[in-house]
Amino acid sequence: MPELPEVETVKNELLPHVIGSSISHITLLWEGILRQPSPAEFHRHTAGQRVAGLYRRGKYLVFSLQSGDFLILHLKMSGSLIMGGDSPPPKYTRAIIRLDNGRNILFLDPRKFGTMQLVEDSVKVLDKLGPEPLESGFTAEYLVKRLGKRHAPIKAVLLDQKLIAGMGNMYADEALFLAGIHPLTPADRLSPAEVRRLYDAIRQVLKEAIAKKGASVSNYLRPGGQPGTAQTSFKVAHRGGKPCPTCGAAIERIPIRNRGSYFCPLCQPNRIPAGQIGN
DNA sequence: CTATAGACCTGACGGC
DNA sequence: TGCCGTCAGGTCTATA
């Protein structure tokens, strides 16, 4: 699942292929991928445009075009961007960004959740996101302040993109494990010391995952077609029933907000009195 | 403002 | 062999 480290890797590895080259045409094999504008407008405003910059914001990938427009992509759960040539596109290819250097960027997405949109102003799409967790706007003080106002389970709150841009299910589980915090703990019941531990854990988990080029647990592949390796060092995420690397206890999986949450019942003890569980 | 459920999608996998 | 339920889960919208 592409989260911050995966999108960061895609951006880094796509960068040398796109900067300075121009889009000759974007083929939409499944029109539903396009949010806005209409396909006709979209083609008219992307054809011939030079790519001036490529950025990541949260889990969004942003191409800034010579015209001043922004092409904004989101891979959601099953999307990946793969560099290709002229051979027939593989199954699940939903769009092809054709560049004038002969290279193609294939947008693969089996589950059709991914999106693409062209906007004049990126603010409307990106401004609702909270701070980047690896940049200076994200501080322990900020996290203490914001978590103190939220009573929902910390796991659910960590996934709120208005709080931390780019956090996703896998890395939220890993960060909570590293900080020794049970995922159901109400956010406003964490002590400042615990929030500081969580702050450090979030940044550590994301940095390590970027160094390993992201995690390939299902569909995610890097632009060159290679998998990332961050999943090999997961302690709890997607490891239900397997032994905790610290204490050996079986990793548990519980649904929180309809999302699988993996944790170690011994290393992340539940401090909620019986009867109060049941969000 | 916060919180939560449902919708959007399709494939892999396990049980019978 | 096939059928069914579960799991994967980011974000938007509606509702309280």
Side-chain angles (χ1 to χ4, degrees), chain A residues 1-8 10 29-36 56-62 72-81 90-95 107-117 119 122 124-130 133 145-176 183-190 206 209 214-221 227-228 230-231 234 236-242 251-263 276-279:
Chain A
M1 324 294 145
E3 302 179 18
L4 186 153
E6 288 75 29
V7 182
E8 178 72 14
V10 170
L29 289 96
W30 177 66
E31 278 195 359
I33 198 170
L34 185 62
R35 292 225 138 161
Q36 57 173 322
R56 179 194 57 76
R57 177 79 174 95
K59 299 168 196 165
Y60 290 92
L61 195 62
V62 183
I72 304 180
L73 274 52
H74 199 301
L75 301 174
K76 296 286 180 81
M77 274 88 68
S78 62
S80 51
L81 296 176
K91 204 177 176 185
Y92 309 126
T93 303
R94 308 304 184 190
F107 194 146
L108 275 63
D109 187 17
R111 293 178 64 184
K112 295 183 170 176
F113 277 95
T115 64
M116 192 180 258
Q117 53 188 319
V119 296
S122 65
K124 219 185 298 173
V125 178
L126 304 177
D127 235 33
K128 54 181 185 281
L129 298 173
K145 194 172 162 186
R146 293 294 297 269
L147 292 185
K149 296 176 185 168
R150 304 286 292 269
H151 191 64
I154 182 62
K155 172 62 188 297
V157 175
L158 282 181
L159 297 179
D160 182 353
Q161 300 299 296
K162 294 193 292 298
L163 192 81
I164 310 169
M167 276 301 281
N169 202 44
M170 303 181 300
Y171 298 108
D173 280 353
E174 289 298 304
L176 286 170
L184 281 176
T185 313
D188 59 3
R189 289 181 53 148
L190 295 171
L206 293 176
S216 292
V217 295
S218 53
N219 297 282
Y220 163 76
L221 289 175
Q231 73 282 1
F234 280 172
V236 290
H238 296 275
R239 296 193 65 246
K242 299 200 173 84
I251 301 300
E252 288 184 15
R253 178 193 176 276
I254 56 170
I256 299 179
R257 286 271 218 298
N258 263 339
R259 246 158 218 103
S261 288
Y262 297 90
F263 66 102
Q276 289 190 25
I277 309 172
N279 62 312

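Values reported hereafter were calculated over all heavy atoms of this structure, with side chains retained and with hydrogens, waters and symmetry mates removed. Throughout, protein chains are lettered first and strands after them, A, B, ... in sequence-line order, and every chain is numbered starting at 1.
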Under the 3.5 Å Watson-Crick or G-U criterion, the dot-bracket string of DNA chain B, with | for inter-strand pairs: .|||||||.|||||||

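- The distance between atom CG of Asp109(A) and atom C1' of dC8(B), rounded to the nearest whole Å, is 12 Å.
- Between Pro186(A) and His151(A) the shortest heavy-atom distance is CB-O, 3.4 Å.
- To the nearest whole angstrom, the two P atoms, one in dG6(B) and one in dT6(C), are 15 Å apart.
- Put simply, NE2 on His151(A) is 16 Å from C1' on dC1(B), counting in whole angstrom units.
- At least one donor-acceptor pair under 3.5 Å links the side chain of Gln161(A) to the backbone N or O of Leu159(A).
- Rounded to whole Å, atom P of dC8(B) lies 19 Å from atom CG of Leu34(A).
- The main-chain N or O of Asn169(A) is found under 3.5 Å from a side-chain atom of Glu3(A) such that the two form a donor-acceptor pair.
- Each salt bridge (charged side-chain N to carboxylate O under 4.0 Å, His left out) pair with one or both residues in residues 161-172 of chain A, not counting sequence neighbours, appears once here: Asp160(A)-Lys162(A).
- A side-chain donor-acceptor contact under 3.5 Å links Tyr171(A) and Glu6(A).
- Rounded to whole Å, the C1' atom of dG9(C) lies 13 Å from the corresponding atom of dA7(B).
- More than 12 heavy atoms of other residues, nucleotides or ligands sit less than 6.0 Å from atom NZ of Lys128(A).
- In this structure, the CZ atom of Arg150(A) is 11 Å from the C1' atom of dT4(B), given to the nearest Å.
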Contact state string [nucleotides 8-13 of chain C, B base, S sugar-phosphate only, - no protein heavy atom under 4.0 Å]: BBBBS-

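- Separating the CG atom of Leu158(A) from the P atom of dA3(B) is a distance of 13 Å, rounded to the nearest angstrom.
- In this structure, Arg94(A) atom CZ and dC8(B) atom P are separated by 17 Å, rounded to whole Å.
- Separation of the P atoms belonging to dG11(B) and dT11(C) is 22 Å when rounded to the nearest angstrom.
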